[in-house]
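Below: the structure, in structure tokens.
Computed over heavy atoms, backbone and side chain alike; hydrogens, waters and symmetry mates excluded. Note that ligands are numbered from 1 as they come in the structure, with each ligand's atoms numbered from 1 the same way.
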Amino acid sequence: MTERPVEELLAEVEAKAKQCVACPLAQTRTNVVFGEGNPRSPLVIVGEGPGEQEDATGRPFVGRAGALLDKALREAGMARRHVYICNIIKCRACVIENGRVRNRPPTQEEIRACAPWLDAQLTLIKPLVIVCLGSPSASTLIHPNFKIMQERGLWFSNRYAPAVIAALHPAYILRQAGEAYEKAYRSLVDDLIAARERVKEIRRLMEEMKPIVPEGEEQMRLF
Ligand code: SF4
């Protein structure tokens with residue numbers, strides 16, 4: 001029996017996710033932001049949730065935070081097409097304050113309700129390395145009560161990947177100024193470089209253990 005391509009399987013999951021009403025965020029969203037990138041990538045980046053522009057376009061990390069992530073990826077020698085990017089929740093979480101709509105962190109109930117979609121993505125993609133952006137993502141995928149300032153840049157593993165690292169969220173970095181901004185941005189680039197290097201290291205170990213390397217994709221030569 002031939003296995004169906006991951007792209008096809010992921011597209012089926014995405015089509016179902018787009019109909020999801022498992023939590024109240026379904027009532028306020030414009031679009032379900034499922035995720036995008038290369039589903040055959042060994043590196044998956046998992047952020048917190050869609051913001052205003054992501055909700056409007058249906059694409060992850062397209063606002064200012066997305067531009068910063070793209071810049072950091074470039075500095076780490078990668079581009080979006082080399083990785084897969086998604087969030088722990090697929091619909092925008094927001095509140096209205098003084099007549100203005102503002103993003104808010106997802107609640108535990110929302111994260112739990114959305115977990116089957118993230119589970120399906122990571123189970124199908126089978127990454128070698130996951131980069132969690134920000135504390136809610138790290139608390140979901142690494143361990144509860146993750147302390148982002150103390151534990152970012154350290155290596156963990158989970159049931160989805162042999163290597164998992166947390167980095168500062170680009171939206172947090174954008175709220176910093178001067179030296180604090182430079183330091184935070186540099187830490188994001190360093191963590192992405194570490195993630196890319198870790199993929200190479202795991203691939204080397206896999207090749208040593210099993211001389212038959214799976215079919216090479218052009219983008220995999222990066223790692
Ligand atoms: S956030 Fe997740 S669980 Fe809630 S409606 Fe959107 S897709 Fe469904």
Side-chain angles (χ1 to χ4, degrees), residues 4-41 43-66 68-69 80 83-97 100-127 130-146 148 158-161 164 166-172 174-175:
R4 292 170 63 206
V6 64
E7 291 83 356
E8 202 177 299
L9 295 167
L10 212 52
E12 270 180 21
V13 178
E14 181 171 2
K16 287 182 190 151
K18 285 187 167 162
Q19 307 299 319
C20 180
V21 289
C23 86
L25 297 180
Q27 290 154 27
T28 49
R29 74 177 177 226
T30 308
N31 282 297
V32 171
V33 183
F34 184 70
E36 67 178 31
N38 188 336
R40 292 179 189 254
S41 175
L43 204 164
V44 172
I45 296 174
V46 185
E48 185 174 313
E52 184 182 5
Q53 291 183 48
E54 290 78 13
D55 178 57
T57 58
R59 296 186 55 213
F61 285 94
V62 289
R64 285 178 66 225
L68 192 71
L69 178 60
R80 278 194 189 220
V83 299
Y84 187 87
I85 302 180
C86 61
N87 288 303
I88 51 170
I89 60 161
K90 314 301 186 197
C91 303
R92 185 186 184 195
C94 54
V95 284
I96 299 175
E97 266 180 8
R100 296 186 63 183
V101 184
R102 176 177 77 69
N103 294 336
R104 63 160 175 79
T107 64
Q108 282 309 308
E109 290 72 28
E110 289 158 356
I111 294 171
R112 260 195 300 277
C114 214
W117 303 123
L118 182 61
D119 176 73
Q121 285 172 308
L122 296 175
T123 303
L124 285 171
I125 295 171
K126 300 186 184 67
I130 297 174
V131 177
C132 300
L133 293 180
S135 188
S137 172
S139 293
T140 302
L141 287 171
I142 299 178
H143 69 75
N145 306 315
F146 192 88
I148 193 76
N158 66 11
R159 65 196 176 99
Y160 300 113
V164 187
L168 297 180
H169 195 289
Y172 166 83
L174 286 170
R175 291 195 294 272

Between the OG1 atom in T107 and the CG atom in L25, the distance rounded to the nearest 0.5 Å is 7.0 Å

### Message
Salt bridge or not between E109 and R112? Use side-chain N to carboxylate O under 4.0 Å.
### Response
yes

- Item | E52, CD: over 12 other non-hydrogen atoms inside 6.0 angstrom | no

Protein N/O/S atoms closer than 2.8 Å to atom 6 (Fe) of ligand 1 number 1

One should read off an interatomic distance between Q121 CD and K126 NZ, to the nearest 0.5 angstrom, of 14.0 Å

Output yes when E12 and K16 qualify as a salt bridge under the 4.0 Å nitrogen-oxygen rule, no when they do not. no

Separation between CD (Q53) and CZ (R92), nearest 0.5 Å, reads 10.0 Å

